[in-house]
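Values below: all heavy atoms of this structure, side chains included; hydrogens, waters and symmetry mates excluded. Every number for a ligand or one of its atoms is a count from 1 in the order of the listing. Note that the structure is predicted; figures quoted are calculated from it, not measured.
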Amino acid sequence: MDIKKNDILKLKITSMTAQGNGAGKTDEGIVIFVPMSAVGDELEVRILKVKKTYAYGKIEKILKPFESRIETDCPNFGKCGGCVYRHIDYNSELEIKHQRVSDALERIGGFKNIKINPVVENERVLRYRNKAQLPAQNTENGVELGFYANRSHRIIPCDDCLLQPKVFKKVMDITRDFMQKTSQSAYDERTGRGTLRHLYIRYAEMTDELMVCYVVNSIGLKQEDVLIKKLKENLPNLKSVIINSNKENTNVILGSKNRTAYGKDYIEDILCGKRFKLSPLSFYQVNRAQAEKLYEIAKNYADLKGNEILLDLYCGIGTIGLSMADCCKKLIGVEIIEDAVKDAVRNAEANETENAEFICGNASYALNRLKKDGVKPDVVIVDPPRKGLDEELIKTISQMSPDRVVYVSCGPETLARDLRIFSDNNYSVKEITPVDLFSRTSHVENVCLLIKNKRS
Ligand code: SAH
């Protein structure tokens, strides 16, 4: 390849990657990936990194911007590893996300004519998140909190992230100030010394309840009472302060031990008209308002008439299944995290749902057990992490022969791969609806309806 680092060249952006980078080809056919660009941009690009068949560059100068380029509104855009579309108007972002889904289905799944509905819009593109996990680091100015730069453990200090509620900034300020005044330091992953690893904040917007969780490399912080007093004085909606101990040398953020330093061991939110208890270790959708729309679509796809057995695999605290439990005969949820299962059980009780059962375990094992026990679900919902489903699990679902499968996915590429396996195992993809849960980032959620093929 005859380009090298620091070369400056002209480039027209002609496509977007799944990660949200623009891409264009040089005259020699070498693909250059450029963050913060978009299709139609004509750029002067500085080459940063050269690989065998492609290279990375950054915008040196915009010669001609694509038509829906907008001024970015965040000083950390392009640095913090969060947003990738702050330079694009929202409609164009939705089009890019739709394209990503249809590209994945075609290229990875080999599907050509699947109905992909328009991406369901987020009404609140700013401050829609209800959760932040902010790493702490020691700097010349004391303990800093922020976000890791893309693919690194270098912290980008962040005063006020535009995706987070304003109250999170207050918690960050109080925490920094407390660490400074009590001369405590952040955990240093190279030496294993220091205390504070992460500040983890959760906000339940329908009840206005706030949880603050400190992830520490010990059993607690010095002078916790001082910290709690300060938090209480400044945050009238504070309902829970948790100390989470994580003494492992690991990238996993949360340890398994929680101690409640103030208030309750959970906060509660309302979703689809039901109350949900959220413990620190349990998964909860970060965009509540959009999650409601997602679940509504999933419910339409499930098309329950009242007599069905509904299986909710990867159920977390039970949100999807419990939002539909009134419409079926029996709900069985499966989830691997014990605290989440406990929350799910408590949530069923709190919502007076008597037809729900939750199993703690690996979805694949639990499903095999259910099959051996002769359970015959009519509808199966799956909502796995980004890596998607195992082929074996898909085959087991197919053998259990539900009429419908509703697949909720946060990874279009693994969804496409798995839908192909479902297609090879007697299920047809009916339609897909992408939902924008993570505006301004590259992520896009999808909900897909699969129907069992009729025997010919
Ligand atoms: N459906 C829930 C949670 C979705 S997130 C909601 O919408 O809120 C995915 C969930 O799968 C997480 O709660 C995670 O703990 C769980 N999980 C991850 N791997 C699992 C596995 N192998 N078996 C069962 N659950 C798993």
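Counting only heavy atoms of the protein, atom 21 (C) of ligand 1 lies nearest to Tyr314 CE2, 3.6 Å. Remark: minimum distance from atom 9 (C) of ligand 1 to any protein heavy atom is reached at Asp383 O, 3.4 Å. For atom 25 (N) of ligand 1, the nearest non-hydrogen atom of the protein is Ile336 N, 3.3 Å.
Ring geometry, Tyr54 versus Tyr56: the interplanar angle exceeds 60°, so the pair is classed perpendicular (tilted spans 30 to 60°). Aromatic ring orientation, His153 versus Tyr148: parallel (interplanar angle below 30°, classes split at 30° and 60°).
Close contacts between ligand 1 and Thr319 involve ligand atoms 6 (C), 7 (O), 8 (O) [criterion: under 4.0 Å to a heavy atom]. Here is the list of ligand 1 atoms found below 4.0 Å of a heavy atom in Phe283: 3 (C), 4 (C), 5 (S), 6 (C), 8 (O), 13 (O). Using a 4.0 Å cut-off to heavy atoms of Asn362, the atoms of ligand 1 that qualify are 22 (N), 23 (N). Which parts of ligand 1 touch Ile337 is read off a 4.0 Å heavy-atom cut-off, strictly below it: atoms 15 (O). For ligand 1, the atoms sitting less than 4.0 Å from at least one non-hydrogen atom of Gln285 are 7 (O), numbered in the order shown with element in parentheses.
The proximity of Tyr295 to ligand 1, defined as any non-hydrogen pair under 4.0 Å, is limited to the side chain. With a 4.0 Å heavy-atom cut-off, ligand 1 is reached by the backbone of Cys315 but not by any atom from C-beta on.
Residue Pro385 has no nitrogen or oxygen atom sitting less than 3.5 Å from a nitrogen or oxygen atom of ligand 1, judged on distance alone. At a 3.5 angstrom cut-off on N or O pairs, Asp312 does not count as close to ligand 1. Residue Glu335 places at least one N or O, backbone or side chain, under 3.5 Å from an N or O of ligand 1. In terms of polar-atom proximity, defined here as any N/O pair under 3.5 Å, Ala363 does make such a contact with ligand 1.
Using a 4.0 Å cutoff on heavy atoms, Gly361 counts as a contact of ligand 1. Using a 4.0 angstrom heavy-atom cutoff, Ala340 does not count as in contact with ligand 1.
Ion pairing between a basic and an acidic side chain is recognised when a charged N comes within 4.0 Å of a carboxylate O; Arg127 and Asp160 show such pairing. Ion pairing between Glu413 and Arg107 fails under the 4.0 Å rule for side-chain N and carboxylate O. Salt bridge annotation for Glu224-Arg259: present, with a cationic side-chain nitrogen under 4.0 angstrom from a carboxylate oxygen. A salt bridge links Lys305 and Asp303; the closest N-O separation between the charged side-chain nitrogens and carboxylate oxygens is under 4.0 Å.
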Determine whether Arg202 and Val212 satisfy the following criterion, side-chain contact (heavy atoms from CB on, under 4.5 Å), listing intermediate values before the conclusion.
CA-CA 7 Å; Arg202 221 171 207 183; Val212 177; over 6 Å; no

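Here the NE2-CG distance, from His198 to Leu134, works out to 7.5 Å after rounding to the nearest 0.5 Å.
In summary, the side chains of Asp208 and Tyr203 do present a donor paired with an acceptor at a separation below 3.5 Å, with no hydrogens or angles considered.
Taking each heavy atom of Val252 and Arg197 in turn, the nearest pair found is O-NH2, 4.4 Å.
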